[in-house]
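A note on names: the letters A, B, ... follow the listed sequences, proteins ahead of strands, and every chain is numbered from 1. In what follows, every heavy atom counts, from backbone to side chain, and hydrogens, waters and symmetry copies are set aside. Computed from a predicted structure; not experimentally measured.
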Amino acid sequence: MIEYETAEGLVAVRLTEVEAYAGTVDAASHAYRGPTRRNAVMFGPPGYAYVYFTYGMHFCVNLVCASSGTAAAVLVRAGQVIEGADVAGARRARDSTAGTSTARTSTARTSTARDSTAGSSAARTSAARNGTAVERDLARGPARLCQALAIDAALNGADVCDPASPLRARTGERVPRRVIRSGPRTGVRGAAEVPWRFWVAGEPTVSPYRAHVPRARARPGTASTPR
DNA sequence: CGTCGGATAATCT
DNA sequence: GATTATCCGACGA
């Protein structure tokens, strides 16, 4: 489990999906080419958060795993929000509507209905609230998880093993070995065949797998000059 | 359901 | 200047 406590409240996530990165010997790792300013935390002692910013808009969080000098870390990819779903949902709604026309979200005030755990298939009432899907997607993916927890660059280097730290990793219920699956890591270019993505079978909060897609950006010279 | 392209800025060469 | 450990909305079936 990973949890973060702020003035807005506590949000706790039970992890269902992670990815391992092996540092300088792993072509998929940010540490592959040696220490830099960005990956410095990974080369430090274990038990700290390595937070990076990517695609110009997203944060992702790793937990550093090996002792100083070895840049091994685990990317926290997805999980189930088990506490503070209302806070997490408000953050997600806020952030995703940043660019759209609708600035105010009607769901912000009535988000107390998070009781559903039984087999009720109710939900998709009309267009207003589709609570089930929203709840499932709260932390489904590394950037969404950071959004739900409000993790940003300020938390890079945070001590996640200190119980007094606002951001902390905690041991939860043990997952039986046989329900853990593994496969290639998501969206990475180098060492894509290495099966170091791990997830809990059958969990709806596990993010969909996506292979790396090389993205050739629009031509620098042509884009800005309409004619 | 599925695939496709745009957004957007820190980081490294 | 190119690339990116991503997400979202649009569009087609």
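By the ring pair (Phe, Tyr, Trp, His ring centres under 6.0 Å) test, A:Phe59 pairs with A:Phe53, sequence neighbours left out.
The structure places OG1 of A:Thr16 at 11.5 Å from CH2 of A:Trp199, a figure rounded to the nearest 0.5 Å.
Considering only side-chain atoms of A:Arg144, the nucleotide from C:dA5, C:dC7, B:dC12 that sits closest is C:dC7. The side chain of A:Arg77 lies closest to C:dA5, out of C:dC8, B:dA9, C:dA5. Ranking B:dC12, C:dA5, C:dC7 by closeness to the A:Arg38 side chain, first place goes to B:dC12. Closest to the A:Phe53 side chain, of the nucleotides C:dT3, B:dT13, B:dA9, is B:dA9. For A:Arg215, taking side-chain heavy atoms from C-beta onward, the closest of the listed nucleotides B:dA9, C:dC7, C:dT3 is C:dC7. Residue A:Val188 has its side chain nearest to C:dA5 when only C:dC7, C:dT4, C:dA5 are considered.
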Stepwise side chain to side chain contact (heavy atoms under 4.5 Å, CB included) check, A:Arg197 with A:Val206: CA-CA 11 Å; A:Arg197 172 178 181 239; A:Val206 174; 3.7 Å; yes
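Of the two residues near DNA chain C, A:Arg210 and A:Arg189, the one whose nearest nucleotide lies more 5' is A:Arg189.
Checked for salt-bridge contact, A:Glu17 and A:Arg140 miss the test: no charged N lies under 4.0 Å from a carboxylate O.
For the pair A:Tyr21 and C:dA5, the ring geometry qualifies as stacking, because the centroid separation is below 5.5 Å while the planes lie within an angle under 30°. Residue-nucleotide stacking is present for A:Tyr55 and C:dT4, judged by a side-chain ring centre under 5.5 Å from the six-membered base ring centre and planes under 30° apart.
Here A:Thr54 lies in heavy-atom contact (under 4.0 Å) with a base.
For the OP1/OP2 pair of C:dA5 and a distance below 4.0 Å, the side-chain nitrogens and oxygens of A:Thr186 include no atom meeting the criterion.
Annotated stems with DNA chain C as a participant read B:1-7 with C:6-12, B:9-12 with C:1-4, given as range with range, by first number; only runs of 3 or more Watson-Crick or G-U pairs under 3.5 Å qualify.
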